[in-house]
Amino acid sequence: MTRESRTILVTTVIVLLCSAFIPMHAWADPFAEDTLVPADVSVSGSITDNFVNITYQMVFDNTGSSIAQEVDWFFGLQDSIRLSNLSVILGNKTYWGRVLPEVEAVEVYNESVALNKSAVLVQRYADGYSVRMNVENGTEAILSVFIEGLLTRSVGLYSLDLPLGRTGIIDVAFTLDIDIISNFAPVTGYSIKGLPSFIATDLPNGIRLEHTSSSLTIAEGLEITYALDRQTGGAQLLTHTNGSDQFFVYMLAPEVTEVVETAHRQYVFVLDKSGSMSGLKIEQAKTAFNSMIGTLLSQDLFNVVAFDDEISILWDEPHSASASNIDEAQDWVQSISAGGSTNFHGASITGLATFNPGDNVKAMLILSDGLPTAGTIQDTPGILSAISEANTLDVSISTVAFGSDSDENLMANTAAQNDGYFVFIEPSEDASTELLDFYGVFSTPIADDYSIVFDGAIEVISLSPLDESPFFNGTEVIVAGRYIEGMTVTTSIDYVTGTETYVDTVGVATQDKPHVEHIWAQQRVSYLLRQASLHGENDTLRNEIVQLGMYYGIAIAGYTAMVLTAYDASSAGEGTLDGFYFYAPTTTGAPPAQLPADFLIGSTMLVPILLIGIGLVVSVILISKFRKC
């Protein structure tokens, strides 16, 4: 072999070796010219008691092609949310995925591609999931991807990111249909960032958010944010049994006690004083607004706008929150009387015009109780467009729909399109308190110390300290584990005003909360990965990580991956295989009804599971990093 030949050979080997370490999704743009793009995208499902159960469905049409085409899609899911399963519909058959050791999954996918058959490969990377699908020629493939996980509170809010590839979607038919349900506290507010509009419908225990478009372009993805009426703090203990083990998840959210605010703020408060606000409503609003103004810090700037068919403004530009300015503003608000119609457009534009440029947080709060009935623009699309054009300083606009006569969709979309937050408040004896609670979402109190004691638990998994640690309000600590017959959890939080204690006791668990077991599995895998990182990997850790991943459908970078092959007829249907339980869920992947008898869950390792052959198993899970914010 000549020197030149050896050089070429060595160079080729080096390139191939280096390329093996580059994540597959780094090579592919989700909308590269040589990849198939979806003709239709839908996102549907529910968030029940903060547990996410969402299905993406994408239609890929390759019927007019004589060759197979590949799809490259990337799901950059947030911490605690996992890709839990996937399926492909080809003709009248539905095929489901299975989790294998990563190297084996890649080999199975490549074999399918070589046979010119439809197949899907899912791999986990540090920043999300790479989904590659080969769509054979002359076929239409409907890909369904299921995600699930538990949301935790941050600064009083729950937030869910819904990614749409790395670069969003362009001129695609799009449908959104998501229910936010809460059985332990009312949903008090919500927002969707990324959509031009949406429809909100009240449900008995929550809200339904919908959007339909025949052609939609979304730059990156969507973000759903909501709040529950539990701003005063508290704890929740959920349990579940699969028939052999009893699992628990404990969620702690501390109480607001003290405001720590360091950022300079510029606020404008906009108050509807139209005729429909007369009586109790205007008095409650004035009481709440005066209290909000009274909490401002001396370095803050603020202003107040009141409106009916005409616009009134306290000052031409925001003033500092000095004692004298606060007194003047409170007197001005107190003097307001209700009457006239509703010029929502004019009030919004006037409020935005009063902001000064500068390096501070800019926020506007609008309260209104009726439909726009005055002003140069009264239709919702026109108002939203005008506000967006006028908001040149990127002011965060939050809105309060005060009563059932308000234009809830206008208010919600105003907040969603301007990085704000929306809440609906029904006028009542407690309305002033609810308004103040909503305002309090933007502050971040702190607890000096806390401790959590679990009596009766045989396993406790937490990625945050459980004692001798400060605790910021508006966040949550999540602890998972197992117990035998009964358990008591005692939590003490040391506020500056004193110590508050929560005590929760449970007996034998029921089988009605299967997501609790999946949360435990996520916590367990995260804990094991941390141990491997801190102390080095060994065979015991690796075996348990792989076995948990394969049993619960968890794709773990460097350990497991998921593959779906359409040429295998046995992957369509429902049943058991080699000791594994697998299923075709109606909405999303769920944990098995019962662990096989030889699958013994221990604190350090699992009894080896039988090797799986060709079959079906739940899909991938995002490695949760339950952490204290």
Side-chain angles (χ1 to χ4, degrees), residues 51 80 149-150 152 235-252 450-469 476-492 501-532 534-535 538-552 554 556 579 581 590-609 621 623-628:
F51 188 78
S80 82
L150 183 68
T152 57
Q236 185 183 18
L237 181 59
L238 305 176
T239 62
H240 173 75
T241 181
N242 57 22
S244 56
D245 285 274
Q246 297 196 97
F247 303 89
F248 74 86
V249 171
Y250 180 70
M251 295 174 285
L252 172 67
Y450 74 97
S451 66
I452 309 175
V453 178
F454 296 84
D455 184 15
I458 59 173
E459 180 188 28
V460 175
I461 304 171
S462 176
L463 303 184
S464 301
L466 298 182
D467 57 15
E468 298 181 356
S469 175
E476 285 181 312
V477 160
I478 306 295
V479 184
R482 295 178 297 128
Y483 68 105
I484 299 177
E485 294 181 351
M487 180 178 61
T488 298
V489 183
T490 304
T491 299
S492 297
T501 301
Y502 305 111
V503 179
D504 293 272
T505 301
V506 294
V508 176
T510 60
Q511 295 185 337
D512 60 343
K513 296 180 179 66
H515 61 276
V516 169
E517 184 177 350
H518 261 191
I519 295 171
W520 168 85
Q522 293 183 61
Q523 289 276 61
R524 182 68 187 167
V525 168
S526 297
Y527 169 77
L528 294 172
L529 290 172
R530 175 178 288 186
Q531 294 305 303
L534 292 174
H535 308 295
N538 55 50
D539 290 342
T540 299
L541 283 174
R542 169 164 280 276
N543 288 341
E544 183 175 355
I545 292 170
V546 170
Q547 291 164 8
L548 276 170
M550 291 176 65
Y551 188 80
Y552 285 97
I554 307 174
I556 308 164
Y581 287 71
Q594 183 174 349
L595 297 175
D598 59 350
F599 191 93
L600 302 178
I601 303 173
S603 60
T604 59
M605 67 174 297
L606 305 177
V607 172
I609 308 174
I621 193 170
I623 305 307
S624 164
K625 301 175 184 175
F626 286 87
R627 69 186 190 279
K628 179 179 62 179

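In this text, all values refer to a predicted model and were calculated from it rather than measured experimentally. Positions are given from 1 along the sequence.
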Between [atom1] on residue [X] and [atom2] on residue [Y], distance to nearest 0.5 Å:
X	Y	atom1	atom2	answer
His515	Leu238	NE2	CG	5.5 Å
Gln531	Ile545	CD	CD1	10.0 Å
Gln522	Ile554	CD	CD1	7.0 Å
Arg542	Leu528	CZ	CG	12.5 Å
Asp455	Met487	CG	CE	9.5 Å
Leu252	Leu237	CG	CG	11.5 Å

inquiry  = So which atom in Ile478 and which in Met251 form the shortest heavy-atom distance, rounded to 0.1 Å?
reply    =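 For Ile478 versus Met251, the nearest heavy atoms are CD1-CG, 3.1 Å.
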
query = Gln523 and Ile461: which non-hydrogen atoms are nearest, and at how many Å?
reply =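 It is O-CG2, 3.6 Å.
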
task = Report the C-alpha separation of Lys513 and Val249 in whole Å, then their side-chain angles, then the decisive distance to 0.1 Å, and conclude whether the side-chain contact (heavy atoms from CB on, under 4.5 Å) test is met.
result = CA-CA 10 Å; Lys513 296 180 179 66; Val249 171; over 6 Å; no

key: Partner set under side-chain hydrogen bond (donor to acceptor under 3.5 Å, both in side chains) for Tyr483, not counting sequence neighbours   =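 Tyr483 satisfies side-chain hydrogen bond (donor to acceptor under 3.5 Å, both in side chains) with no other residue.
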
inquiry  = Run the side chain to side chain contact (heavy atoms under 4.5 Å, CB included) test against Asp512 and tell me which residues pass, sequence neighbours left out.
reply    =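 Only Thr510 meet the side chain to side chain contact (heavy atoms under 4.5 Å, CB included) criterion with Asp512.
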
inquiry  = So, using side chain to side chain contact (heavy atoms under 4.5 Å, CB included) as the criterion, who are the partners of Thr501 when residues are at least two apart?
reply    =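 With sequence neighbours excluded, Thr501 shows a side chain to side chain contact (heavy atoms under 4.5 Å, CB included) to Thr490, Ser492, Thr499, Val503, given in chain and number order.
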
query = Counting distance only, does the side-chain N/O of Glu517 pair as donor-acceptor with the main-chain N or O of Asp245 below 3.5 Å?
reply =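 No, the answer is negative, given that no donor and acceptor are paired below the 3.5 Å cut-off.
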
task = Give the ring-plane orientation class for Tyr552 versus His518, where under 30° counts as parallel, over 60° as perpendicular and anything between as tilted.
result =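 Taking His518 first and then Tyr552, their aromatic rings stand perpendicular (interplane angle over 60°).
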
Is there a side-chain contact between [X] and [Y] in this structure, where contact means two heavy atoms from C-beta onward sitting under 4.5 Å apart?
X	Y	result
Val489	Phe248	no
Val508	Thr241	no
Trp520	His240	no

task = List the steps and the verdict of side-chain contact (heavy atoms from CB on, under 4.5 Å) for Phe247 and Ile519.
result = CA-CA 9 Å; Phe247 303 89; Ile519 295 171; over 6 Å; no

task = Could you check Tyr250 against Thr491 for side-chain contact (heavy atoms from CB on, under 4.5 Å), going step by step and ending with a plain yes or no?
result = CA-CA 11 Å; Tyr250 180 70; Thr491 299; 2.6 Å; yes

